[in-house]
Amino acid sequence: MKIGVACSPGLAIEKAYILEEPDITIDYGCIPTERVSEELKRLERAFDQSKEQLNAIYEKTLLAVGEEDAEIIQAHLMILGDPIFYDEVKDAVQSELLTAEHAIQKKVEEQVAVFEMIDDPYIRERAADVRDVGNRLLLNVLGIEIKDISNLKENAIVVGRDITPSLMATIDRDHVKGILAEVGGATAHTAILARNLEIPAILGASGVLSLVRDGQTLIIDGSRGEIEIDPEKETIDAVGKKIEKARMIRKELGLIKDLESKARDGHSIELVANIGLPVDTEKALEYGAEGVGLFRTEFLYMDRNCAPDEEEQFVSYKKVLEAMNGKPVIIRTMDVGGDKEIPYFSLPKEENPFLGYRAIRICLEDKELFKTQLRAILRASAFGNALIMFPMIASVDEVIKAKEVIAEAKEELRQRNLEFDEAIKVGIMVEIPSAAVTADLFADEIDFFSIGTNDLTQYTLAVDRGNTKVSSIYTSFHPALLRLFKNVIESSKRNGKFTGMCGELAGNPLAALLLLGLGFDELSMSPSSILKVKKIVTSVDMAYAEKVASHAMSLSKAEEIEAYLKAELSGLGLDYILEL
Ligand code: PEP
Ligand code: MG
């Protein structure tokens, strides 16, 4: 049954693990004095249990994503371990004769109210932490199992209403075999993370929570957006065989890992990786990435209480550059806003966040925040091949202003006698139609272009990339997009610049012939897509790809273009790659 948007390819058969809002019922009655000691025992057990759980999550987060991300869990442990808080809850049971759960709820709410009254956004944020800890205590005292996808006991397909990017960042990579969520679309960051982690995912599956029960066997097809609930044994066997076959093909693709990404006639195209955290370089190298075409640095700012300082960022960038060992690493400056919220930035709620205060717009206003990041990138540039890329550029003057901040950052480092790459290359993401249309006007200011198809598609077609209702008309194969790509490439080539693509289209095997034929110098994608695209690129001649691109450009509908590209791949006997 087609249920939602195909967001991360692959099949999975596992039991459903429903991530639901728990039903918390509090007993508000007054307890008799003889029940006090029993309630105190419940309380103590809940605190111990919560501590144990948080310690386990802390260890796991530390190993999976590192110290910075684990700090948030450390903060939760500190709230839980606060003796004054514990005494106050105990006292509410003893002197006010409240049930353990009522006492927890009351004291947590009191603390939350105090934090929420304070103006400082950092302190206000602490309210959310206290509430989180309080929730954990309540669930434990009531004996309700806590749903948590960072530490599952067995393999599962996680089913929920909204699986946020930050939940995905701490996901249990060993046990989560599939993601099924009611909200989201193919270019939501949850989808991007799922593809990076190679976890099949379907988002935008509205109503799925009313169809699937916890523990039911599920098949999800992340390439088609289809699910099957409680499948027959024959189906389970057949799908199991397909999963095995896909595993074998992937293994075979592994053999071309070290093959140069060149068309048969020798025309080369760099196939590089999109990463979000330093740990992602491992996957990038595993799949033979020739560099990093997009380091989404905003992930370093997520799941914490304040922005990382220069030193912390420097360490992260240096780690990536050293891991990539001289290969180019395009570090995109912070792209916060849109669907990437950072609570401690206290950004105003906006009617149209994707059209609002985000990315370079924030950076040009908060110059210190921006300069801190630029100093960190520049310092790291002494340890590898770093390039700087600005997101969400609409006009040339933004680039000029951003470059002025780079110049200031460089001067400050000179004053501090710190080394950096004086000739560091600077480029822009082309993800706003105005930049795509006027690409020629940018050429004097920059060294390279990289087309961000995720945003460029939503802005060109006026389709919110995360809105399920309109996801069927969100397509980067639209002729308008193809024409914009062509314009950027032509302007870039005419001016001797380098042109890449780092949106999701770059890693879509269906687009590989088209993008090769259009003349891109570089395609940057989820590491797991690299070998699939490489297989296609290395199987054809450039002249053939150019012919394909030229024919695709002559078609007037996205569906025709997709069908044509699929037919070409099938003619080459390569359409099986689309199923992986
Ligand atoms: C894009 O918009 O295509 C892009 C690569 O950036 P992000 O997905 O992080 O917005
Ligand atoms: Mg973007």
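Each ligand, and each atom within it, is numbered from 1 in the order the structure gives. All values below were derived from every heavy atom in this structure, side-chain atoms included, with hydrogens, water molecules and symmetry-related copies excluded. Just so it is clear, the model here is predicted, and its values are computed rather than measured.
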Check: Can Asn274 and Ser526 be said to form a side chain to side chain donor-acceptor pair (under 3.5 Å), step by step?
Finding: CA-CA 5 Å; Asn274 289 350; Ser526 298; 5.5 Å; no
Checklist line | CA sep, side-chain torsions, deciding dist, call: Glu282, Tyr287, side chain to side chain donor-acceptor pair (under 3.5 Å) | finding: CA-CA 9 Å; Glu282 287 168 24; Tyr287 287 102; over 6 Å; no
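The shortest N or O to N or O distance between Glu298 and ligand 1 is not below 3.5 Å. Considering both main-chain and side-chain atoms, Glu504 never comes within under 3.5 Å of ligand 1 through any nitrogen or oxygen pair.
Using a cut-off of 4.0 Å between Lys/Arg side-chain N and Asp/Glu carboxylate O, Lys566 and Glu562 are scored as not salt-bridged. By the 4.0 Å N-to-carboxylate-O rule, Glu226 lies too far from Lys2 to be salt-bridged with it. We find that Asp455 and Arg465 are joined by a salt bridge, their nearest charged nitrogen and carboxylate oxygen being less than 4.0 Å apart.
Partner Ser261 forms a side chain to side chain donor-acceptor pair (under 3.5 Å) with one of Glu290, Lys535, His267 and no other, that one being Glu290.
Only the side chain of Arg332 comes within contact range of ligand 1, with a heavy atom under 4.0 Å; no backbone atom does. Residue Thr453 touches ligand 1 through its backbone alone, judged by heavy-atom distances below 4.0 Å. Counting heavy atoms under 4.0 Å from ligand 1, residue Asp335 touches it through the side chain alone.
Shortest distance from the Mg ion (ligand 2) to Glu431 is reached at OE1 (N/O/S atoms only). When the N, O or S atoms of Asp455 are ranked by distance to the Mg ion (ligand 2), OD2 comes first.
Remark: Arg379 qualifies as a cation-pi partner of Phe314 under the 6.0 Å distance and 45° angle criteria applied to the six-membered ring. For the pair Lys497 and Phe448, the cation-pi criterion (under 6.0 Å, within 45° of the ring axis) is not fulfilled.
Remark: ligand 1 atoms within the under-4.0 Å shell around heavy atoms of Gly452 are 1 (C), 2 (O), 3 (O). Using a 4.0 Å cut-off to heavy atoms of Leu294, the atoms of ligand 1 that qualify are 5 (C). The ligand atoms of ligand 1 that sit less than 4.0 angstrom from a heavy atom of Gly503 are 3 (O), 5 (C). Listed by number with element, the atoms of ligand 1 under 4.0 angstrom from any heavy atom of Arg465 are 2 (O), 7 (P), 8 (O), 10 (O). Numbered from 1 in the order shown, with element, the atoms of ligand 1 that lie under 4.0 Å from a heavy atom of Arg296 read 4 (C), 5 (C), 6 (O), 7 (P), 8 (O), 9 (O). Residue contact check: Cys502 has heavy atoms under 4.0 Å from atoms 5 (C) of ligand 1.
For residue Asp335, no N/O/S atom approaches the Mg ion (ligand 2) to within less than 2.8 Å.
The number of heavy atoms from other shown groups lying within 6.0 Å of CD (Glu260) does not exceed 12.
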